[in-house]
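Ligands are counted one by one from 1 in listed order, and the atoms in each one are counted from 1 as well.
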Amino acid sequence: MTEAQFIPKPYTSLPESGTVSWNSPSNIALVKYWGKHGEQLPKNASISFTLSNCLTTTKLIYQRENTNTFNFEVFLDGKRELGFEPKILKFFERVEVYLPFLKQFSFKIETSNSFPHSSGIASSASGMSALACCLVDMERSMCDTEMTEEFFKQKASFLARLGSGSACRSIEGDLIVWGEHKDIEGSSDLFGIKYPYPVHENFKNYCDTILLVDKGEKQVSSTVGHNLMHEHPFAEQRFQQANNNLEKLKSVLERGNLSEFINIVESEALSLHAMMLTSMPYFILMKPATLEIINKIWAFRKKHKSNLCFTLDAGANVHVLYPANEKVMVRKFIENDLSVNCKNGEFIHDHSGNGSEKI
Ligand code: PMV
């Protein structure tokens with residue numbers, strides 16, 4: 001596939017008005033994407049679990065209007081959210097060539113998240129993927145020829161990527177690869193694909209509890225963070241390391257090797273943060289509570305021979321990952337021992353899921 005394949009043929013008919021609504025979840029990377037080039041193209045391949053409970057619901061209401069400009073308003077939980085609009089405008093500008101109807105409508109974008117907006121959880125993945133699904137769904141109704149399910153998902157992922165890189169991994173589930181990788185057939189820099197190889201029972205319905213350590217504004221935006229990889233002294237080794245880790249994960253996922261899974265996932269999280277510790281300017285995104293939680297997880301794992309582990313995004317919150325058959329034991333541990341390290345004792349239980357859904 002190339003970018004050109006996402007440019008549609010002229011539409012047969014444009015509707016006067018309509019509404020389309022989608023739910024889309026967040027995702028959590030096991031092998032991290034950090035560093036990009038060109039137009040939102042990743043410097044290395046990544047893989048993630050699509051989540052279930054942390055999701056964005058977006059309703060796109062459209063009205064025919066030939067103003068020849070982008071015409072839209074964004075509402076979060078029913079209130080106009082001007083703060084989101086520059087990002088959406090940039091997104092519309094980027095994707096216009098692939099959705100040439102955009103300037104012929106005015107849009108009302110109504111969005112809400114299942115998780116608190118201030119929780120520090122990346123809402124860009126769920127938000128951008130939900131909006132991308134709404135737009136491709138709208139386009140589908142204007143096409144003469146039937147759009148296959150496969151093309152729908154590819155185009156939604158392709159557009160979501162142009163909004164926020166990791167958003168392209170939220171369209172489907174439960175394991176998604178984004179970025180061309182020599183050992184993963186069909187993998188592409190342009191969009192996410194469903195992980196195409198056998199996955200052991202151990203990794204079905206994998207659990208993720210998100211511990212809300214820091215609910216403030218992000219200290220480093222992901223745009224700034226990705227850009228820091230351009231002049232980074234360890235960049236090339238990091239990209240190589242990520243690709244090697246993905247290669248190793250293949251047999252781990254097939255054999256159900258949980259201890260090796262833990263090694264790769266935790267090393268990926270710490271390597272991501274190591275990139276920020278060693279960039280110029282440098283950042284420490286972990287908080288004291290992040291480290292306390294990590295140490296408690298390690299002690300618990302050793303004592304109970306458990307298979308829980310942690311991963312991190314570009315922030316202080318901790319994702320606790322564990323197999324479904326350890327759910328009761330690990331959740332008790334989280335409630336009793338880890339919740340004290342969370343802001344207001346807050347955490348969110350989630351698990352791997354199937355991706356975006358039309359409502
Ligand atoms: O999608 P972005 O540009 O916000 O980048 C997110 C990158 C990480 O969440 C830190 C890692 C990942 O692969 O999701």
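- Checked against Phe152 for a ring-ring contact (aromatic ring centres under 6.0 Å, His included), the options Trp22, Phe158, Phe6 give a single hit: Trp22.
- Nearest heavy-atom pair across Leu51 and Pro25 is O-CB, 3.1 Å.
- Every residue two or more places apart in sequence or in another chain was checked for a salt bridge (Lys or Arg N to Asp or Glu O under 4.0 Å) with Lys305, and none qualifies.
- The immediate protein surroundings of ligand 1, defined as residues with any heavy atom under 4.0 Å of it, consist of Ala29, Lys32, Tyr33, Trp34, Ser164, Gly165, Ser166, Arg169, Ser222, His226, Leu272, Asp313, Ala314.
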Return a table of donor-acceptor pairs under 3.5 angstrom between the side chains of residues 338-345 and protein atoms on other chains or two or more places apart.
from   : atom 1 : to     : atom 2 : distance (Å)
Ser339 : OG     : Glu335 : O      : 2.8
Asn341 : OD1    : Lys296 : NZ     : 2.8
Asn341 : ND2    : Glu292 : OE1    : 2.9

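- Contacts classified as side-chain hydrogen bond (donor to acceptor under 3.5 Å, both in side chains) and involving residues 320-330 (residues at least two apart or in different chains) are given here: Thr209-Tyr322, Ser306-Glu326, Asn307-Glu326, Tyr322-Arg331.
- Glu85 has a carboxylate O that lies under 4.0 Å from a charged side-chain N of Arg80, or vice versa, which qualifies the two as a salt bridge.
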